[in-house]
Amino acid sequence: MPAINTALQKKSPVRPVYPVLAFATPLVATLSLGCSRTDDVMDALRGLGELTLGDPPPAAAPASFGDVVQSDHFALRLLGTHACDASGYQRLAPEDSLLGVLVELEARSDQAVPANPFYARLKDSEQRAYGPELGGCTPLLYHPPLSRGETAQGFFNFMVPRAATRLRLLYAPRLGMGSEAETASIELAR
């Protein structure tokens, strides 16, 4: 059995310059420079040079072992990824792989939380979605609905192209009697 991959991919920070919107510039300058007329504002802006709005928020780094995403009703912890062997009925094309995502699910409210692979999806950088596979790594995350404080661990398995990048796990269980779903999303290091 291959080892579980818990490596975090490092990315260099990107610091783009944000353009100031043309319709907002006179308003911001008027407020900050104390100008009362548009001509005064434009004269003041010409002397400022390039305007930026500061550093952008940092891009979400791929998750690593132990990272947790929380929603109102549950927490999803990434425990690792694993290359799975295909089951007897599964046929993998040479360009595909069977990826197991090992997670821990914890209920955080009085609302019962389903622990079921059918609520899991994987998306890639091109927004292609991949549904769960029952074959592959075991045990599957399949458990009766969790009550507050209960946890369950297991795999979500997905057949994905080997070339797929920036994979994001989405877990969106239906809560309660209605059709409401609550989604947790975590980017994987692949």
Side-chain angles (χ1 to χ4, degrees), residues 1-11 55-87 89-90 92 96-161 164-190:
M1 177 185 271
I4 292 175
N5 174 15
T6 58
L8 173 64
Q9 294 178 349
K10 300 289 184 191
K11 293 185 178 180
D55 292 336
S64 63
F65 178 79
D67 281 359
V68 177
V69 290
Q70 296 187 14
S71 71
D72 291 339
H73 295 94
F74 63 91
L76 187 67
R77 179 184 308 272
L78 177 66
L79 300 178
T81 59
H82 188 77
C84 307
D85 294 327
S87 298
Y89 67 90
Q90 290 174 311
L92 289 176
D96 291 337
S97 66
L98 189 56
L99 177 68
V101 181
L102 182 59
V103 297
E104 178 182 77
L105 181 65
E106 178 184 6
R108 300 180 61 233
S109 74
D110 292 332
Q111 182 72 45
V113 177
N116 187 320
F118 294 107
Y119 294 114
R121 294 281 177 274
L122 206 58
K123 282 193 174 181
D124 65 15
S125 61
E126 297 177 20
Q127 297 305 305
R128 291 179 295 206
Y130 306 95
E133 296 282 330
L134 294 180
C137 296
T138 57
L140 288 176
L141 179 67
Y142 192 74
H143 191 276
L146 303 174
S147 300
R148 181 187 288 273
E150 288 185 320
T151 62
Q153 287 185 9
F155 282 96
F156 295 137
N157 298 315
F158 304 94
M159 195 174 303
V160 296
T165 59
R166 291 185 37 221
L167 297 175
R168 177 168 293 281
L169 173 66
L170 303 163
Y171 188 65
R174 301 247 181 247
L175 303 171
M177 299 301 287
S179 61
E180 60 195 60
E182 191 169 296
T183 302
S185 173
I186 190 165
E187 189 173 343
L188 305 178
R190 174 179 160 173

Q) Any side-chain heavy atom of Leu169 within less than 4.5 Å of one from Val69? A) no
Taken to the nearest 0.5 Å, the spacing of Asn157 CG from Ser87 OG works out to 8.0 Å
### Residue pair Arg77, Leu79: steps toward the side-chain contact (heavy atoms from CB on, under 4.5 Å) verdict
CA-CA 6 Å; Arg77 179 184 308 272; Leu79 300 178; 3.6 Å; yes
Here the gap from Phe158 atom CZ to Cys137 atom SG, rounded to the nearest 0.5 Å, amounts to 11.5 Å
dist Tyr171:OH -> Phe74:CZ (nearest 0.5 Å) comes out at 7.0 Å
query = Does the pair Leu188 and Leu122 meet the rule for a side-chain contact (heavy atoms from CB on, under 4.5 Å), with working shown?
reply = CA-CA 10 Å; Leu188 305 178; Leu122 206 58; 3.8 Å; yes
d(Ser185 OG, Leu76 CG) to nearest 0.5 Å is 9.5 Å
Looking only at heavy atoms, the pair that brings Ala112 and Pro114 closest together is O-CD, 3.7 Å
Got a donor-acceptor contact below 3.5 angstrom from the Ser97 side chain to the Leu99 backbone? no
Angle class for the His82/Phe155 ring planes (parallel below 30°, perpendicular above 60°, tilted otherwise)?
tilted
Tightest non-hydrogen contact, residues Pro117 and Leu134, listed as CG-CD2, 4.5 Å
Looking only at heavy atoms, the pair that brings Phe156 and Asn116 closest together is CE2-O, 4.0 Å
In this structure, OH of Tyr89 is separated from CD of Glu133 (nearest 0.5 Å) by 6.0 Å
Closest non-hydrogen contact found for Leu98 with Ala86 is CD2-CA, 3.9 Å
Residues at least two apart in sequence or cross-chain that pass side-chain hydrogen bond (donor to acceptor under 3.5 Å, both in side chains) with Tyr130, listed by chain then number, are Asp124, Arg128
In short, Val113 meets Pro173 closest at the heavy-atom pair CG1-CG, 4.5 Å
Residue set satisfying side-chain hydrogen bond (donor to acceptor under 3.5 Å, both in side chains) with His73, at least two apart, ordered chain then number -> Glu182
Of all heavy-atom pairs linking Gln70 and Ala75, the shortest is CG-CB, 3.9 Å
To the nearest 0.5 Å, atom CG of Leu92 lies from atom CE of Met159 at 5.0 Å
Just list the side-chain donor-acceptor pairs under 3.5 Å for residues 140-152, sequence neighbours left out, or say none.
{"residue": "Arg148", "atom": "NE", "partner": "Asp110", "partner atom": "OD1", "Å": "3.1"}
{"residue": "Arg148", "atom": "NH1", "partner": "Arg108", "partner atom": "O", "Å": "3.2"}
{"residue": "Glu150", "atom": "OE1", "partner": "Ser147", "partner atom": "N", "Å": "2.6"}

